[in-house]
Amino acid sequence: MRRSVALLGLPLMVMIAGCAPAGSGGPTTPDHRQEAFAQRATEVAETWRPGPQWRGGYLPMQEPTLLLGDPGFTPDTEAAFRAGWYRQQVDLPSTRPADGTIRFPDGTLTVPLVGAAEAYRQLDQGDPPPCPGRPTGPDRPKSGPTVEPGPDGPVSSSPQTACLPLTVTEVKLGTAPVRTSRGEAQVPAWVFTVAELTAPVARVAVTPGATAAAPEPTAPARPAPEGIVGAQDLGKVDGRTVTYRLGVGACDTGITPLVQERDDVVVVGGSVVPAEGVCTAMLKLEPVTVTLTAPLGARPVLDVLTGAPLRLTAN
């Protein structure tokens, strides 16, 4: 198997990441940290044993709700999508459809499906909070009563804007691209047209009982080397380019993504220079990007610390 470790540059955007204890020994130079990553990544890759369902069943590696295109988010609509706030203005068929077909790069699989009404119940995660000063009524069936500002109203230090649900105006059975353990598959999904968005929202229609369980990760027995940090999730996969988020310390410096690429798996993580002295114990999520020598395809991306396969976060 091909084994290679690449040290790559860091993107400019920083989002969030706890502090590692100082003076605990271990690698203290970039070369030593890279070597420590390579050794641990090799252990993770060689103990990866996913089982028959990984290549024979349906095991999604991302959330079952996804966007089919650019949604044209505003702050309000993005907050509603992330929170799962919806209202329906269309009749939802409650009958269960016939079995559907998942199309993988290496074959197909027939699976039972849920109905549109059940998919909507899974999609809808509750009501938004009241909107102060905005009326309620037939057009706002889910927003709750309005509380006007005043002595009986809520006290808030900032304006409340994220309080509007998304309006479902149409639903149909279609397909959605889903990253699975067998690569990207076309999966039956209920596709909801939303008035406030420029792209439909899809909810995977496969019944929960037809979904395989993820394998238990096998982490190396020895503690993680100092200065080596793990990956939390995948942000984007585009051919040879993989974006993921590292969990780093609030005061860590020298954050560098690291990857070991093999024919069957890819192991990712990163290295940092741990802070010395007192530091806020807060985890930050740092987005980083690596470029592989070949398209990722169906290969799993494993975290170097836990050995767990990484899932795509909601887009």
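Just so we're clear, the structure is a prediction, and the values are computed from it rather than from any experiment.
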When P215, P300, P50 are each screened for side chain to side chain contact (heavy atoms under 4.5 Å, CB included) with L59, the one that passes is P215

Notebook entry, point to check: Would R82 and Q125 count as a side chain to side chain contact (heavy atoms under 4.5 Å, CB included) if you check the C-alpha gap in whole Å, the side-chain angles of each, and the deciding distance to 0.1 Å?
Noted result: CA-CA 10 Å; R82 303 297 176 194; Q125 297 299 303; over 6 Å; no

- Query: How about L234 and V301: do any of their side-chain heavy atoms sit closer than 4.5 Å?
  - Reply: yes

Scanning both residues in full, the closest heavy-atom pair of A189 with A176 reads CB-CB, 3.9 Å

Can you hop from I255 to V273 via hydrophobic side chains spaced under 4.5 Å?
no

For a 4.5 angstrom cut-off between non-hydrogen side-chain atoms, does V191 reach L68? yes

In this structure, are over 12 heavy atoms from other groups packed under 6.0 Å from D91 atom CG?
-> no

For T256 and G254, indicate whether the former's side chain and the latter's backbone hold a donor-acceptor pair under 3.5 Å. yes

request  = Considering only NZ, NE, NH1 and NH2 on the basic side and carboxylate oxygens on the acidic side, decide whether E63 and R179 come within less than 4.0 Å.
outcome  = no

When rounded to the nearest 0.5 Å, the distance separating CG of D76 from CG of L164 is 5.0 Å

Separation between CZ (F81) and CG (L166), nearest 0.5 Å, reads 8.5 Å

Short side-chain donor-acceptor distance under 3.5 Å, T243 and T289: yes

The reported gap from CZ in F192 to CD in Q88 (rounded to nearest 0.5 angstrom) is 9.0 Å

OG (S271) and CG (L258) are apart, to the nearest 0.5 Å, by 4.5 Å

Do P97 and W190 come close enough that some side-chain heavy atom pair is under 4.5 Å? yes

Working for side chain to side chain contact (heavy atoms under 4.5 Å, CB included), residues Y244 and V288
CA-CA 6 Å; Y244 57 97; V288 294; 3.5 Å; yes

(request) For L113 and D99, run side chain to side chain contact (heavy atoms under 4.5 Å, CB included): C-alpha distance rounded to whole Å, both residues' side-chain angles, the deciding distance at 0.1 Å, then the answer. (result) CA-CA 6 Å; L113 306 181; D99 291 352; 5.8 Å; no

CD (Q260) and OG1 (T42) are apart, to the nearest 0.5 Å, by 4.0 Å

What one should report as the nearest heavy-atom pair of F104 and G57 is CZ-O, 3.7 Å

Under a single-linkage definition using a 4.5 Å side-chain heavy-atom cutoff for Ile, Leu, Val, Met, Phe, Trp and Tyr, are Y86 and L173 assigned to the same hydrophobic cluster?
-> yes

Which of T293, V267, L292, V242 passes side chain to side chain contact (heavy atoms under 4.5 Å, CB included) with V259? Answer is L292

Open item on the list: Keeping T198 on the side-chain end and P71 on the backbone end, is there a donor-acceptor pair under 3.5 Å?
Closed with: yes

Q) Would you say T211's side chain and V206's backbone share a donor-acceptor pair under 3.5 angstrom? A) no

Heavy atoms of A224 and L305 approach each other most closely as CB-CD2, 3.5 Å

Exercise. Any side-chain heavy-atom pair from W48 and P309 closer than 4.5 angstrom?
Worked result: yes

_Close side-chain approach of V204 and V178, heavy atoms under 4.5 Å_ = yes

With hydrophobic residues grouped by side-chain heavy-atom distances under 4.5 Å, do V168 and L67 end up in a single group?
-> yes

- Query: If only atom types and distance count, is the side chain of R40 paired as donor or acceptor with the main-chain N or O of F37 below 3.5 Å?
  - Reply: no

### Query
Ion pair present between R33 and E226, side-chain N to carboxylate O less than 4.0 angstrom?
no

Decide yes or no for P188 and T101: does some side-chain heavy atom of the first lie under 4.5 Å from some side-chain heavy atom of the second? no

- Query: Does CZ belonging to R103 count more than 12 external heavy atoms closer than 6.0 Å?
  - Reply: no

Quick one: do T306 and D303 satisfy side chain to side chain donor-acceptor pair (under 3.5 Å)? Show the steps, please. CA-CA 6 Å; T306 66; D303 169 41; 2.9 Å; yes

Q | T65 vs R203, side chain to side chain donor-acceptor pair (under 3.5 Å): CA-CA, chis, key distance, verdict | A | CA-CA 5 Å; T65 299; R203 178 74 188 190; 2.7 Å; yes

- Message: I'd like to know if the side chain of R299 and the backbone of R262 have a donor-acceptor N/O pair within less than 3.5 Å.
- Response: yes

Between the CD atom in E78 and the CZ atom in F73, the distance rounded to the nearest 0.5 Å is 5.5 Å

* With side chain to side chain contact (heavy atoms under 4.5 Å, CB included) as the test, would you mind laying out the steps for L310 and V268 before giving the verdict? => CA-CA 10 Å; L310 299 179; V268 297; 3.8 Å; yes

Query raised in the report: Between R245 and D233, is there a salt bridge with N-O shorter than 4.0 Å?
Result: yes

- Hey, are R121 and E118 close enough for a salt bridge, meaning a charged N less than 4.0 Å from a carboxylate O? yes

Taking every heavy atom of E43 against every heavy atom of P220, the minimum-distance pair comes out as OE1-CB, 3.4 Å

M61 and T180 have their tightest heavy-atom pair at CG-C, 3.8 Å

Exactly one candidate in T77, T169, T167 meets side-chain hydrogen bond (donor to acceptor under 3.5 Å, both in side chains) with E196; the answer is T167

Kindly say whether W54 contributes a backbone atom to a donor-acceptor pair with the side chain of S181 at under 3.5 angstrom? yes

All heavy atoms of G247 vs all of V229, minimum pair found to be O-CB, 3.5 Å

Just by distance, do the side chain of Y120 and the backbone of V171 share a donor-acceptor pair under 3.5 Å?
-> no

